[in-house]
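The structure appears below as structure tokens.
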Number of protein chains: 2
Amino acid sequence: MFKSIKSKLQLDNEKWDHYIDYFHRIEMPSKTILLEEGSISKKMYIIEKGCIRVWINNNGKDITTQFFIENEMVGSIESFRKNIPSPTNIETMEPCVLWWISKENLDTIVEEVMKDPRLRNLFVDKIFERTFDYMKYFISTIKYSPLERYLQLLEERPEIIRRIPQHYIASYLGISSVHLSRIKNQIHKEK
Amino acid sequence: MFKSIKSKLQLDNEKWDHYIDYFHRIEMPSKTILLEEGSISKKMYIIEKGCIRVWINNNGKDITTQFFIENEMVGSIESFRKNIPSPTNIETMEPCVLWWISKENLDTIVEEVMKDPRLRNLFVDKIFERTFDYMKYFISTIKYSPLERYLQLLEERPEIIRRIPQHYIASYLGISSVHLSRIKNQIHKEK
DNA sequence: AGGATTTAGTAACAAATGTTAATGTAAGAA
DNA sequence: TTCTTACATTAACATTTGTTACTAAATCCT
């Protein structure tokens with residue numbers, strides 16, 4: 001599970017083993033809420049197996065804002081970093097195998113990481129990447145039509161479309177599931 | 001101009017004076033392109049006076065993605081950080097007084113800053129803030145109607161609406177200027 | 001001051017998207 | 001397996017938003 005991360009970070013064994021102990025394996029059934037809107041995030045998760053969505057409640061309807069699959073890290077970074085109530089819900093969409101780490105332990109690692117110029121740079125790059133991703137999402141919603149956004153998703157994360165029920169995808173794209181059906185139908189006809 | 005930044009960072013005078021020298025004052029007429037799509041960003045700007053927009057070209061039409069006013073810092077962080085062609089254009093919308101700093105000099109400051117745990121934290125917080133802002137923008141486009149987004153903008157950045165021509169605002173909200181007219185009319189009637 | 005350009009509002013029509021309801025199919029639970 | 005629930009598609013109609021064209025006002029330039 002952690003081998004790919006290890007080789008990427010190039011940590012020495014001693015530190016590495018220490019860090020590994022901070023993570024705890026859990027299994028969760030589908031449709032489990034890992035973090036509820038309004039509560040403060042105390043854990044981050046790495047997904048070994050399964051699939052998770054992040055969503056916000058909007059007058060009873062929920063809107064999915066992100067999907068995560070294997071080897072990705074999930075959590076409300078905002079709630080985590082600033083110790084404030086999470087604006088989002090985090091929920092499994094399949095039976096999942098997860099590894100969680102507490103805020104305290106992750107903070108310890110981050111503190112260590114920040115002392116090493118090379119790792120620090122990797123970390124800051126990682127945060128920038130997140131920022132750029134959100135920037136891209138944002139621009140994409142005003143620049144492209146739902147059809148175009150669907151095709152992009154199909155291109156960039158086909159796994160998501162294959163595994164996740166369509167109405168979640170629709171909500172993620174900002175359209176109704178009926179309209180997504182129309183879009184798929186349209187693509188089908190054009191071929 | 002730099003006093004508020006200075007007091008915020010609590011730097012000692014010696015370092016501070018050193019950093020100040022990295023900034024250069026320039027005046028720019030309205031509608032000047034500071035950074036063109038496709039070119040690599042070499043400068044960051046702080047706005048002393050005036051107003052700037054960031055936009056991307058979409059089949060001949062331009063879409064405004066951000067506005068900046070006095071005391072804000074502008075630049076294509078993505079192009080800056082990764083040394084890649086900028087996806088956006090940056091353009092003045094009023095005659096501006098700006099202070100620019102070169103990538104090299106800013107990198108020097110950042111490197112210094114990262115050595116000090118307190119400043120490092122401020123810096124990382126700043127980046128996280130950007131990320132959260134983009135997250136909010138993104139969520140807002142799928143969660144709220146154009147009317148709601150207009151009211152939010154009016155609430156959060158009234159300055160922008162007062163100073164900037166309506167078709168740029170419309171483009172920023174992702175709607176046509178005609179539709180923004182309708183929205184304003186609608187708000188007017190409801191009062 | 002005067003002419004050109006930019007900007008904002010309105011109307012009419014067109015296109016995109018949402019809503020509701022009905023139907024069939026697939027997937028999960030007892 | 002059988003029942004129930006979740007999911008996807010389609011049609012009909014409603015609503016939202018875009019486009020084009022026209023007008024009037026405001027601003028810019030010389």
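Chain letters run A, B, ... following the sequence lines, proteins first and then strands; every chain starts at 1.
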- 4.5 Å side-chain heavy-atom contact, A:Phe132 and A:Phe128: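 Yes, at least one pair of side-chain atoms sits under 4.5 Å.
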
Spacing between [X] atom [atom1] and [N] atom [atom2], to the nearest angstrom:
{"X": "A:Ile164", "N": "D:dC7", "atom1": "CD1", "atom2": "C1'", "answer": "14 Å"}
{"X": "B:Glu94", "N": "D:dT27", "atom1": "CD", "atom2": "C1'", "answer": "14 Å"}
{"X": "B:Lys31", "N": "C:dT5", "atom1": "NZ", "atom2": "P", "answer": "13 Å"}
{"X": "B:His188", "N": "C:dT10", "atom1": "NE2", "atom2": "C1'", "answer": "15 Å"}
{"X": "A:Ile142", "N": "D:dG18", "atom1": "CD1", "atom2": "C1'", "answer": "16 Å"}
{"X": "A:Tyr150", "N": "D:dA8", "atom1": "OH", "atom2": "P", "answer": "10 Å"}
{"X": "A:Lys184", "N": "D:dT10", "atom1": "NZ", "atom2": "C1'", "answer": "14 Å"}

- Message: Between B:Gln166 and C:dG9, is there a contact of a side-chain N or O with OP1 or OP2 at under 4.0 Å?
- Response: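 Checking B:Gln166 against C:dG9: at least one side-chain N or O falls below 4.0 Å of OP1 or OP2.
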
- Think A:Asn185 has a side-chain N or O under 4.0 angstrom from the OP1 or OP2 of D:dT10?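 Yes, because at least one side-chain N or O of A:Asn185 sits under 4.0 Å from OP1 or OP2 of D:dT10.
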
- Would one find more than 12 heavy atoms of other residues, nucleotides or ligands at under 6.0 Å from atom CD of A:Gln152?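 Yes, the 6.0 Å shell around CD holds more than 12 heavy atoms from other groups.
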
- Message: Just by distance, no angles: are the side chains of A:Glu104 and A:Tyr22 close enough, under 3.5 Å, to form a donor-acceptor pair?
- Response: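 There is no such pair between these side chains.
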
- Query: Do the side-chain N and O atoms of B:Arg53 and B:Thr64 include a donor-acceptor pair separated by under 3.5 angstrom?
  - Reply: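 The criterion, which ignores hydrogens and geometry beyond distance, is satisfied for B:Thr64 and B:Arg53.
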
- Message: Taking A:Asp125 first and then B:Lys82, would you say they form a salt bridge - that is, a charged N and a carboxylate O separated by under 4.0 Å?
- Response: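 Salt bridge absent between A:Asp125 and B:Lys82.
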
- Is it true that A:Glu129 and A:Lys126 make a salt bridge, defined as a side-chain N closer than 4.0 Å to a carboxylate O?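 Here A:Glu129 does not pair with A:Lys126 in a salt bridge, since their nearest N and O are not under 4.0 Å apart.
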
- Task: Starting from the C-alpha separation in whole Å, work towards a yes-or-no answer on side-chain contact (heavy atoms from CB on, under 4.5 Å) for A:Ile101 and A:Tyr19.
- Result: CA-CA 10 Å; A:Ile101 180 170; A:Tyr19 292 165; over 6 Å; no

- Task: Start with the C-alpha distance between A:Arg120 and B:Glu111, add both sets of side-chain angles, then the distance that settles salt bridge (Lys or Arg N to Asp or Glu O under 4.0 Å), and finish with yes or no.
- Result: CA-CA 11 Å; A:Arg120 179 202 295 159; B:Glu111 217 162 287; over 6 Å; no

Using the 3.5 Å cut-off, write out each protein N or O paired with an N or O of nucleotides 26-30 of chain C and the distance between them.
none

- Query: Okay, side chain of B:Ser86, backbone of B:Ser79: is any donor-acceptor separation there less than 3.5 Å?
  - Reply: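 It does not hold such a pair.
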
Sort me out a list of protein N/O and nucleotides 13-19 of chain C N/O pairs below 3.5 Å, or just none if empty.
from: C:dT17; atom 1: OP2; to: A:His179; atom 2: NE2; distance (Å): 3.3
from: C:dG18; atom 1: OP2; to: A:Ser176; atom 2: N; distance (Å): 3.1
from: C:dG18; atom 1: OP2; to: A:Ser176; atom 2: OG; distance (Å): 3.3
from: C:dG18; atom 1: N7; to: A:Arg182; atom 2: NH2; distance (Å): 2.7
from: C:dG18; atom 1: O6; to: A:Arg182; atom 2: NH1; distance (Å): 3.2

- With the side chain of A:His167 defined as its heavy atoms from C-beta on, choose the nearest nucleotide among C:dT7, D:dT10, D:dC7.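 Ranking C:dT7, D:dT10, D:dC7 by closest atom to the A:His167 side chain puts D:dC7 first.
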
